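Please read these numbers as outputs of a predicted model, since none were measured by experiment.
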Amino acid sequence: HLNVGSVQHRDIDQTNRTFGMGVELPIHERAYLLAEKFGEQGVPTKYQVGFRIWLVPQRVQLDTTYGNNLAGGDSQTRFFTVGLRLLSQPFLP
């Protein structure tokens, strides 16, 4: 995927351009590798890589990512996430 946009920082009365580009690659019928690069004007560009797996096909996914500044960073800029994604049946026509 690819996206562009902007973010408005009302506290400092400033609007910055934003971007993101990423890919989700299937490695098994229930597992994916993820990679994404994203940024905001005036802020160091970041990346994240991860893994996603269906625990219950088409209902429950487990998602993990690791990220940091693209140019490298210290322990205060890196991050790790774990998420649980729950999908329901469509409820709107």
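Note: E36 CD to M21 CE = 10.0 Å, rounded to the nearest 0.5 Å. Atoms CG and CG, from L62 and L84 in turn, are 6.5 Å apart once rounded to the nearest 0.5 Å. With rounding to the nearest 0.5 Å, the separation of CZ in F19 from CG in L2 is 9.5 Å. Rounding to the nearest 0.5 angstrom, the gap separating the CG atom in L55 from the CZ atom in R30 is 7.5 Å. Separating the CD1 atom in I53 from the CD atom in E29 is a distance of 10.5 Å, to the nearest 0.5 Å.
N16 places no side-chain N or O within donor-acceptor distance of the main-chain N or O of V7, the cut-off being under 3.5 Å. One N or O on the side chain of Q41 and one on the backbone of R17 form a donor-acceptor pair closer than 3.5 Å.
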(message) Using the rule given for side-chain contact (heavy atoms from CB on, under 4.5 Å), can you reason through F51 versus L33, listing the C-alpha separation, both sets of side-chain angles and the distance that settles it, and then say yes or no?
(response) CA-CA 5 Å; F51 179 75; L33 290 178; 4.1 Å; yes
(message) Pair R85, D63 - check side-chain contact (heavy atoms from CB on, under 4.5 Å), show working.
(response) CA-CA 8 Å; R85 183 175 176 212; D63 184 293; 5.9 Å; no
(request) Decide side-chain contact (heavy atoms from CB on, under 4.5 Å) for Y47 and N68; before the verdict, give the C-alpha distance in whole Å, the side-chain angles of both, and the deciding distance to 0.1 Å. (result) CA-CA 6 Å; Y47 73 91; N68 203 341; 3.7 Å; yes
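Nearest heavy-atom pair, W54 versus R59, reported as atom, atom and distance to 0.1 Å: CZ3-N, 3.4 Å. Residues I27 and Y32 share a closest heavy-atom pair of CG1-N, 4.2 Å. When all heavy atoms of F79 and F38 are compared, the pair lying nearest together is CZ-CZ, 4.2 Å. For the residue pair S6 and T15, the shortest heavy atom distance occurs at CB-CG2, 3.9 Å.
Taking I12 as the reference, H9, Q14 meet the side-chain contact (heavy atoms from CB on, under 4.5 Å) condition, with sequence neighbours excluded.
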Give every donor-acceptor pair under 3.5 Å between a side-chain atom in residues 86-93 and any protein atom, sequence neighbours left out.
none

